[in-house]
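Reading through the structure tokens given below for one structure.
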Amino acid sequence: MLYSKFKKLINFIKNKNLLILTHDLADIDGFVSTLTLKLFLNQVLKNQKIYITFSELSSNSKDFKKNFSKKFPDFGYFCDENIDFSSVEVILIIDTNNLDLVKSPTNFDIQKSDIPIIFIDHHLNLDKKYKNNDIALNLIYEDFSSTAELIFELFEYFKVDIPNTYRFLLAAGILTDSGFFKYANNNTISRISKILTDKATLQDKITLLERRTNVSEKIAKIKGLQRVRLIRIGERLVGISNVSSFSASVATMLINIGFDVSIVYSQEKDDFRITTRAKKEVCQKTGLHLGKILSEISKGKGGGHDGAASVSGKENLDIYLGEIINKLKQTLII
Ligand SMILES: [Mn+2]
């Protein structure tokens, strides 16, 4: 199934000019998957343009890029500045299947354009029907712990060599999205073992991902902790808090200190964002799937994985929070 879809995708994009985009505030998986997919396509599809660009990188990705550039000063190429949209024939969207999360450069409206789009992703399939998306061409596999692994499978299947630098990129995507293997499955381990070489060891890669937490993130975590409200549902503990930024790292911190589920929201002018996390063990025992809950309550705007999901919106923050708690009560009580 996977391989027949690979062939179908390559056949469709052959001889077409491509643009590869990932979600806004690209995390490390989105960032490295975009770069490595471009390398792969350059090897298998000759004589066509393949553009990549990013709206903005997350702070983790920026730190990683800095470390990576220090280790590989000759790498040099990260993104195309000037993209001629009139020449783009297919847009590949990486690491999300929700166009609301994608900001295109120069405010080009992807949803309104007629350029075909294809999703390559590992999040819950929201099954949104976009007029310029043929779902048969999408590669959306929730059982992959990172998009980087899907890109790695492309290299494997088409027998394309992966240069050492790109092995570092792929491994960084896998390590971060699998929570350093906490959310990994057997396939994740087998793929990473094929990516590692004597020249690119696991420890080398972990070092590249080390980062010093900056002071504003530390303050966000402390405030997030001061403001947390505890809701007990049976034997499970749910924590709700709010911060103005770094909601994802605050949500993860709440899980690390003992909450089973964390909900952290941020508000900026008219916009809000809710980030949720849950312990893997809780998801497995209770069937909790935060991605499904957020997708349901927002009619497909939000989504993610069973243990990590988020949603953004403009109004109804309180209603969303109330509905999340209600759904948690129904799920966690068993
Ligand atoms: Mn990802």
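These numbers come from a predicted model, not from an experiment. Whatever order the structure lists them in is the order used to number ligands and atoms, beginning at 1.
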What do you get for the angle at the Mn ion (ligand 1) between OD1 on Asp95 and NE2 on His122, to the nearest 10 degrees?
90°
Is it true that some N/O/S atom of Asp27, main chain or side chain, lies under 2.8 Å from the Mn ion (ligand 1)?
no
Near the Mn ion (ligand 1), is there an N/O/S atom from Asp177 that is less than 2.8 Å away?
yes
Atom of Asp29 closest to the Mn ion (ligand 1), considering N, O or S atoms:
OD2
Looking only at atom types and distance, does a side-chain atom of Arg232 sit under 3.5 Å from a main-chain N or O of Gly234, one as donor and one as acceptor?
yes
Where the side chain of Ser61 meets the backbone of Ile28, is there a donor-acceptor pair that is under 3.5 Å apart?
yes
Looking at Tyr51, I'd like to know if the NZ or CZ of Lys49 sits under 6.0 Å from its six-membered ring centre while staying within 45 degrees of the ring's axis.
no
Do Thr22 and Asp95 have side-chain atoms, one donor and one acceptor, less than 3.5 Å apart?
no
